[in-house]
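Just so you know, these numbers use all the heavy atoms, side chains as well, and skip hydrogens, waters and symmetry mates.
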Amino acid sequence: MKNDRILRLSRRAFASIAGAAMVTSALPSFAAAAADPGSPRPPLRRQPPPQIWFIRHAESEINLPTNPRNVPDSGVSYPLTRKGVEQARMLAESLAAAPLVTLYTSTHLRAIQTADALAFQHDLTLSLAPEAVELDLGLTRQTSTEIRALYDELLHRWLVNKDLDARHGEGESFADLQRRFLPFVREIMNRHANRAGIVVVVSHGATLGLMVPVLATNVPADLLRRHPLPNTGIIKTELRDSRLFCTEWAGIPADELGE
């Protein structure tokens, strides 16, 4: 028994001595590194910030100036045109190598069709977002000219006169649009704050053009008037310190957009 105890103690002593020797042998290299600040060090790898890309749907029947608008813009009223289907396909191909991780889409058919092309390319499931539907101007059975005139009038009242509650009839105001769209995007920001990759929101020209500058304040609030978002146009943003920062607006770098 006594010999066994001595053997165990000897093994412990050996382990302690061996450990001390390993630490001591490592000290010169640490000291050398500290003494030579110019010695190469392994680069720190930073995870790229999460990105949210807002994409306008491809061309649909509602975008054609000669197409009569005899039904309200809801649900499946205005699908993609043949040109729009091709635009959606080309969009998906152009983003084939992009690290898309989640897809949200307006519940209007033209947005779902556009998002579906991306979902198929990246093997992703669509998340429907009724909060991302197009601005409701409160018009039915109107010509394209009448709709454009009302839209321009409301833009002036909202962006120039700062009358955010202005509306036409039962249509939405700027404040209404904020109340439904901004909480939706902020929830996405919170949900994906620590996840690398690109979150895509497929929505509509007026909704995105008016709301993204509210969320990403490094671009002018009236940017939509000077740079309308084309079909399949992309607004690229990224999260910085829990806030959205626009990096590109339909192909134009944010620092070239001006105030």
Is any side-chain heavy atom of Gln178 closer than 4.5 Å to a side-chain heavy atom of Leu210? no
Show your working on side-chain hydrogen bond (donor to acceptor under 3.5 Å, both in side chains) between Thr207 and Glu134 and close with a plain yes or no. CA-CA 6 Å; Thr207 295; Glu134 181 61 303; 3.0 Å; yes
For Arg180 against Pro130, the heavy-atom pair lying closest together: NH1-O, 4.4 Å
Measuring from atom CG of Asn231 to atom CG of Asn63, what distance do you get when rounded to the nearest 0.5 angstrom? 4.5 Å
Rounded to the nearest 0.5 Å, how far does CD1 of Ile52 lie from NE2 of His192? 7.5 Å
What's the shortest heavy-atom distance between Asp165 and Ala175, and which atoms? OD1-CB, 3.5 Å
Taking every heavy atom of Pro230 against every heavy atom of Ala250, the minimum-distance pair comes out as CD-CB, 4.0 Å
Apart from Leu118 itself, members of its ILVMFWY cluster (side-chain separation under 4.5 Å) are Trp53, Ile55, Leu91, Leu95, Leu100, Leu103, Ile112, Leu124, Leu126, Leu128, Ile198, Val200, Val202, Ile234
Is Glu86 paired with Arg89 through a side-chain N to carboxylate O contact shorter than 4.0 Å? yes
For side-chain hydrogen bond (donor to acceptor under 3.5 Å, both in side chains), just list the numbers for His57 and Thr232, CA-CA rounded to whole Å, side-chain angles, deciding distance to a tenth of an Å, and then say yes or no. CA-CA 5 Å; His57 61 82; Thr232 67; over 6 Å; no
If you measure from CD on Glu256 to CH2 on Trp249, what distance do you get to the nearest 0.5 Å? 15.5 Å
Could you report the tightest heavy-atom contact between Pro50 and Ala193, atom names first, then the distance? CG-O, 3.2 Å
If you compare all heavy atoms of Val101 against all heavy atoms of Gly197, which two are closest, and at what distance to 0.1 Å? CG1-CA, 4.0 Å
Checking the side chain of Asp163 only, and the main-chain atoms of Arg157 only, is there a donor and an acceptor separated by less than 3.5 Å? no
According to a 4.5 Å side-chain heavy-atom criterion applied to Ile, Leu, Val, Met, Phe, Trp and Tyr, with indirect links allowed, do Phe184 and Leu177 form part of one hydrophobic cluster? yes
Using 30° and 60° as the class boundaries, would you call the ring planes of His204 and His108 parallel, tilted or perpendicular? perpendicular
Whether the side chain of Thr105 engages the backbone of Ala115 through a donor-acceptor N/O pair (distance < 3.5 Å, no angle test) should be reported. no
Would you find more than 12 non-hydrogen atoms of other residues, nucleotides or ligands less than 6.0 Å from Asn161 atom CG? yes
Between the side chain of Asp116 and the main-chain N/O of Gln113, is any donor-acceptor distance below 3.5 Å? no
Give a yes or no on whether a salt bridge exists between Lys236 and Glu238, defined as a side-chain N under 4.0 angstrom from a carboxylate O. no
Quick one: OG on Ser94 to CD on Gln87, what's the gap to the nearest 0.5 Å? 11.5 Å
Distance col, row Glu131:CD vs Ile188:CD1, nearest 0.5 angstrom, shows 8.5 Å
Less than 4.5 Å apart, side chain to side chain, heavy atoms only: is that true for Ile235 and Glu248? no
Non-hydrogen atoms of Ala88 and Ala117 that approach each other most closely: O-CB, 3.6 Å
Greater than 12 external heavy atoms within 6.0 Å of Arg191's CZ: yes
Spacing of CD belonging to Glu153 relative to CG belonging to Leu150, to within rounding of 0.5 Å: 6.0 Å
Would Arg110 pass as a cation-pi partner of Tyr78, given that its NZ or CZ must be under 6.0 Å from the six-membered ring centre and within 45 degrees of the axis? no
Assigning hydrophobic clusters by single linkage (Ile, Leu, Val, Met, Phe, Trp, Tyr; side-chain heavy-atom cutoff under 4.5 Å), is Val185 placed with Leu164? yes
